[in-house]
Protein chains: 2
Amino acid sequence: MPQPHDALFRALADPTRRAIFERLCRDGDQTVAALTAHAKVSQPAVSKHLGVLKQAGLVRDRPEGRQTHYSAQPKALAPLIDWTSQMATFWQNRFDDLEDLLKRMDQ
Amino acid sequence: MPQPHDALFRALADPTRRAIFERLCRDGDQTVAALTAHAKVSQPAVSKHLGVLKQAGLVRDRPEGRQTHYSAQPKALAPLIDWTSQMATFWQNRFDDLEDLLKRMDQ
DNA sequence: CAGATTGATAACAGTGTGGTTATGAATTAG
DNA sequence: CTAATTCATAACCACACTGTTATCAATCTG
């Protein structure tokens, strides 16, 4: 059972892919050609990365004539934020438990 | 030039590794044997995952006799939080720019 | 000391991932 | 219509990654 997080974490694991996503967040709509111009890899590589990002919901594509515009979908980062804060919460709760324990021992 | 983020994102990309980290966040200090008992992989695999997590700063090890205790280091998640909020900020700024543009057009 | 336990490491196998070049379909320009 | 452009896909390659089993050093136990 693959977690819903899984595709997201996987997609963000690659630096080239993160760079593409960052650029889309920073500068908005971009064609594949524009993204390729700034990437250090070939156009097919960029297309494949965009495919992975799209699969993870991180980008949307908007075909327009012979070019395809891609845009960031930062809402897709929500599960990552949730997961992170959950980890922090677990951590915090353990301190709370420790506190409770110490209080109980104090009696 | 490997970003400081890189090891972090990479470490979190694997589900087995995330599960180990989650358990350490939830239940605190664990020996390798305890972690292996709940993982679906062999002890050497767990040890290797712990090595990767340690490299990324996500866990600390505390040798004690013949066993090694591992604990989560949630502070290591900070760069991930920063990165995420930066993406959101970029996104927000682009809306601000758009707003500015619309205001300017309104005059 | 002898034997059992714990965990790290080595060696290896299978798979996945990220890159390349080649190519083709669709669209635009001349 | 012809030529050029844009992007996706196919085919392939190299390597990294995750898992395995075997083994060993270190430590505890009897």
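Reminder, nothing fancy here: chain letters follow the sequence lines and each chain counts from 1. Keep in mind it's a predicted model, so treat the numbers as computed, not measured.
- Note on ring orientation: taking the six-membered ring where Trp is involved, the planes of F9(A) and W83(A) are perpendicular (angle over 60°, cut-offs 30° and 60°).
- Among the heavy atoms of the strands lying under 4.0 Å from S42(A) is at least one base atom, whether or not backbone atoms are also near.
- If you take CG of L12(B) and C1' of dC17(D), they are 16 Å apart, rounded to a whole angstrom.
- Going from atom CD of Q67(A) over to atom P of dT28(C) covers 9 Å, rounded to whole Å.
- For the pair G65(A) and D14(A), both in contact range of DNA chain C, the more 5′-proximal nearest nucleotide belongs to D14(A).
- Taking every side-chain heavy atom of R10(B) into account, dC17(D) is the closest of dT20(D), dG19(C), dC17(D).
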Donor-acceptor pairs under 3.5 angstrom involving side-chain atoms of residues 63-77 of chain B: please list them, not counting sequence neighbours.
unit_1	atom_1	unit_2	atom_2	d
E64(B)	OE1	R62(B)	NH1	2.5
H69(B)	ND1	D29(B)	OD2	3.3

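- Here the C1' atom of nucleotide dC17(D) and the CZ atom of F9(A) are 18 Å apart, to the nearest Å.
- Among the protein residues, P44(B) comes within range of the nucleic acid bases, having at least one heavy atom under 4.0 Å from a base atom.
- Of the side-chain N and O atoms in T16(B), one or more sit less than 4.0 angstrom from OP1 or OP2 of dG19(D).
- Nucleic acid contact class of A33(A) (heavy atoms, under 4.0 Å, all strands): sugar-phosphate only.
- When each of T68(A) and A13(B) is assigned the nucleotide of DNA chain D bearing its nearest heavy atom, the one mapping closer to the 5' terminus is T68(A).
- Here the C1' atom of nucleotide dA16(D) and the NZ atom of K48(B) are 11 Å apart, to the nearest Å.
- The interatomic distance linking D61(A) (CG) with dT9(D) (P) rounds to 10 Å, in whole Å.
- Of all non-hydrogen atoms in T36(B) and V41(B), the two that sit nearest each other are CG2-O, 4.0 Å.
- Nearest to the side-chain atoms of R66(A) among the listed nucleotides dA8(D), dC17(D), dT6(D) stands dT6(D).
- Candidate nucleotides dT18(D), dC7(D), dA8(C) were compared by shortest atom distance to the side chain of H49(B), and dT18(D) ranks first.
- Between Y70(A) and dA8(D) there is a side-chain polar atom (N or O) within less than 4.0 angstrom of OP1 or OP2.
- K54(B) places its NZ atom 14 Å from the C1' atom of dT9(C), with the value rounded to the nearest Å.
- Put simply, CG on L35(A) is 13 Å from P on dT6(D), counting in whole angstrom units.
- No engagement by T36(A) is indicated, since no non-hydrogen atom pair under 4.0 Å with the nucleic acid exists.
- Other residues, nucleotides and ligands place more than 12 heavy atoms under 6.0 Å from the CZ atom of R26(B).
- Using a 4.5 Å cut-off on side-chain heavy atoms (C-beta onward), L80(B) and L80(A) make contact.
- Separating the CD atom of Q43(A) from the C1' atom of dG19(C) is a distance of 13 Å, rounded to the nearest angstrom.
- Residue A34(B) is the one, among A34(B) and E64(A), whose nearest nucleotide of DNA chain C lies closer to the 5' end (criterion: closest heavy atom).
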